[in-house]
Amino acid sequence: LTAMLKAVQAAAPDAHIYLVAYPMVLPESGTPCPPDVPMLPDDEAFLSQVGAKLQAAFVASAKDANVDFVDVYNASRGHDACAPESERWVEGQASFGVAYHPNARGMQAQAELIVDELRKTW
């Protein structure tokens with residue numbers, strides 16, 4: 001990821017680069033919530049840890065490449081696939097959206113976070 005960011009910087013040296021994190025897909029609790037997250041607790045906990053590791057890689061790469069970072073992951077805490085439907089930014093398997101991907105509410109929230117970051121740096 002860092003190499004990719006540095007390659008973008010080399011190809012576009014005047015660009016202002018923002019790395020946007022992915023939202024928290026599964027709850028940190030390690031507790032599945034069928035039918036939206038129908039998996040064994042150990043599987044859910046493992047996949048939740050994968051999300052946390054991805055977040056750590058994003059944070060480290062943004063810092064190493066000296067690019068701005070939009071922290072959607074932490075902002076989306078409590079808006080995962082197990083959150084109540086009215087608060088969910090990510091859909092689970094039983095929803096009408098694409099499973100384990102941001103819904104319209106999540107995309108709107110991400111857009112607002114990006115705009116906030118742009119306002120801070122411009």
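Applying the side-chain hydrogen bond (donor to acceptor under 3.5 Å, both in side chains) test to Y73 and every residue at least two apart in sequence or in another chain returns nothing. Partners of E91 under the salt bridge (charged side-chain N to carboxylate O under 4.0 Å, His left out) rule, at least two apart in sequence or in another chain, are R88. The side-chain contact (heavy atoms from CB on, under 4.5 Å) check on L19 picks up L1, L5, F58, A62, V67, F69, with sequence neighbours excluded. Applying the side-chain contact (heavy atoms from CB on, under 4.5 Å) rule to P13 yields no partners; only residues at least two apart in sequence or on another chain are considered. Every residue two or more places apart in sequence or in another chain was checked for a salt bridge (charged side-chain N to carboxylate O under 4.0 Å, His left out) with E85, and none qualifies. Qualifying ring-ring contact (aromatic ring centres under 6.0 Å, His included) partners for F46, counting only residues two or more places apart in sequence or in other chains: none. For D68, the side-chain contact (heavy atoms from CB on, under 4.5 Å) test picks out H16, Y18, E117, T121, with sequence neighbours left out. Considering only residues two or more places apart in sequence or on other chains, A94 meets the side-chain contact (heavy atoms from CB on, under 4.5 Å) condition with P35, D36. In this structure E112 satisfies the salt bridge (charged side-chain N to carboxylate O under 4.0 Å, His left out) test with no other residue, sequence neighbours excluded.
With 3.5 Å as the limit, one finds a donor-acceptor pair spanning the side chains of D71 and Q55. Inspection of the Y100 and Q93 side chains reveals an N or O donor paired with an N or O acceptor under 3.5 Å.
V37 and L47 end up in the same hydrophobic cluster when Ile, Leu, Val, Met, Phe, Trp and Tyr side chains are linked at under 4.5 Å.
Counting only residues at least two apart or on different chains, no disulfide bond (SG atoms under 2.5 Å apart) pair has a member in residues 40-73. Residue pairs that meet the disulfide bond (SG atoms under 2.5 Å apart) test with at least one member in residues 12-98, sequence neighbours left out, are C33-C82. The list of disulfide bond (SG atoms under 2.5 Å apart) pairs with a residue in residues 90-122, not counting sequence neighbours, is empty.
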